[in-house]
2 protein chains.
Amino acid sequence: MADAPGGENLLYLTDEQLRKGIEAMFFAYRGFTADPDRILEGMNYGRAHHRAIHFIHRSPGTTVSNLLSILGVTKQSLNRVLRTLIDDGLVRSEKGKTDARERHLFLTEKGVALERELSDAQRARMRAAYRAAGPAAVAGFRQVLEAMMDPEMRRQYNRLKEGG
Amino acid sequence: MADAPGGENLLYLTDEQLRKGIEAMFFAYRGFTADPDRILEGMNYGRAHHRAIHFIHRSPGTTVSNLLSILGVTKQSLNRVLRTLIDDGLVRSEKGKTDARERHLFLTEKGVALERELSDAQRARMRAAYRAAGPAAVAGFRQVLEAMMDPEMRRQYNRLKEGG
DNA sequence: GAATTTACGTCAGCCTTGTTGACTTTCCAA
DNA sequence: TTGGAAAGTCAACAAGGCTGACGTAAATTC
């Protein structure tokens, strides 16, 4: 075993190890989205709707611009999705009280029901994976993912974490 | 601390922990693809081209149908991407010797160069994340991702692992 | 009070990347 | 020799990104 000058074993940083990690991310993300995708297909919604629903559920009353910065898309793109969700009665949009330019977003009962269905499916897979891997692996999993984020995204992620 | 009947602490399986994992996957995947996306933007290619290039590099001489099953898209979708890569001289397609129906795919020098550029960027981020998290965390990371895959994808992933 | 900025919505058009369906060509194997 | 598999192609369509331009209402600043 070749150790680094500092004494730390760096075999886990070889290109081969990194490539395995890259491929693991690719295949795992497919699994990660597979169940919600299956539920949404055929009901006129897609992954974009799922993301909006998730974060509105997560932060009820969030504004459009806040959602924009979390999702990292243009307002035109988000608006198209939000429009259908509002028209279909899954999301409610409320004019702000202190700042009437803002729109605060909430899930309706119907929206909550779909969110539940989607997140139940996604959590079930996550739970199975967590259970199979064990608590120590889960801690490592989260550490690596967090380190992989762009700083701005890490801020968003941590802001959500605190809030929850 | 509430332990499970079996004596195992299951706090890491709470809905809250699972939700954090879900959000971590979402934000981390954005970071994961950000650097290659940046390189590809403006040069007529997208993530689909990156994926094709990656797996052709990974398994030189792979057939179209093998690539299809790895990427999980339709042949029409893959063909469009492959067409532009072949036309632009990044990929070479060779009629099979033992089975002439098959097309074996290889990267040209130009293709290898782009693959290198893309994977260098992606590996750099991965390496930074791995280094920040440490070897134990990396092992856990890979364990959880592997457990999250669909069985068929896990087979693909492991086949690639052995090969490499 | 007027001008500017901010938050949001919307129209129009474009691109990538996914889909289905229909069809042809090539070639292996029964 | 014929059926079926592998590959490629054409056409059409949808989701969901993007840019640019424009409008409106409300807040802020000058």
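Quick note on labels: first sequence line is chain A, next is B, and so on, each numbered from 1.
- Atom CD of A:Glu41 and atom P of C:dT19 are 11 Å apart (whole Å).
- Between the CG atom of A:Leu78 and the P atom of C:dC11 there is a distance of 16 Å, rounded to whole Å.
- Between the A:Lys75 side chain and the A:Val64 main chain, no donor and acceptor come within less than 3.5 Å of each other.
- The interatomic distance linking A:Arg51 (CZ) with D:dA15 (P) rounds to 15 Å, in whole Å.
- Atom CG in B:Leu67 sits about 15 Å away from atom C1' in D:dG8, given to the nearest Å.
- Applying the salt bridge (charged side-chain N to carboxylate O under 4.0 Å, His left out) test to pairs two or more places apart or on separate chains, those with a residue in residues 33-49 of chain A are A:Asp35-A:Arg38, A:Asp35-A:Arg125, A:Asp37-A:Arg47.
- A:Arg103 places a side-chain N or O within 3.5 Å of a backbone atom of A:Arg101 that can act as its donor or acceptor partner.
- Across the protein-nucleic acid pair, B:Asn44 atom CG and D:dC18 atom C1' stand 15 Å apart, rounded to whole Å.
- In this structure, B:His50 atom NE2 and C:dT16 atom P are separated by 17 Å, rounded to whole Å.
- A donor-acceptor pair under 3.5 Å is formed between the side chain of B:Thr33 and the backbone N or O of B:Arg30.
- Atom P of nucleotide C:dG9 and atom CD of A:Glu94 are separated by 13 Å, given to the nearest angstrom.
- Between the side chain of A:His57 and the backbone N or O of A:His54 there is no donor-acceptor pair closer than 3.5 Å.
- Crowding of A:Asp87 atom CG: a count of heavy atoms from other residues, nucleotides or ligands under 6.0 Å exceeding 12.
- Listed candidates were D:dG16, D:dC18, C:dC8. Nearest to the side chain of A:Ser65 is C:dC8.
- In the interface, the side chain of A:Gln76 is not paired with the base of C:dG13 through any donor and acceptor atom under 3.5 Å apart.
- Along DNA chain D, the nucleotide nearest B:Thr63 and the nucleotide nearest A:Tyr45 are compared for position; the residue whose nucleotide lies closer to the 5' end is B:Thr63.
- Separation of the B:Phe26 and A:Phe55 ring centroids falls under the 6.0 Å cut-off.
- A sub-4.0 Å separation between OP1 or OP2 of C:dT19 and a side-chain N or O of B:Thr74 is present.
- Closest to the side chain of B:Lys75, out of D:dA7, C:dG9, C:dT17, is D:dA7.
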Pairwise N/O distances under 3.5 Å, protein to nucleotides 25-30 of chain D:
residue	atom	partner	partner atom	Å
D:dA27	OP1	A:Thr98	O	3.4
D:dA27	OP1	A:Ala100	N	3.1

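- Taking atom CG on A:Leu105 and atom P on C:dA7, their separation rounds to 15 Å, with Å as the unit.
- Listed pair B:His49 / C:dT17 meets the phosphate criterion, a side-chain N or O lying under 4.0 Å from OP1 or OP2.
- Look at A:Arg83 and you'll find a side-chain N or O under 4.0 angstrom from OP1 or OP2 of C:dT10.
- Between the side chain of A:Arg80 and the base of D:dG17, at least one donor-acceptor pair of N or O atoms lies under 3.5 Å.
- Distances shown here put every side-chain N or O of A:Asn79 at or beyond 4.0 Å from the OP1 or OP2 atom of C:dC8.
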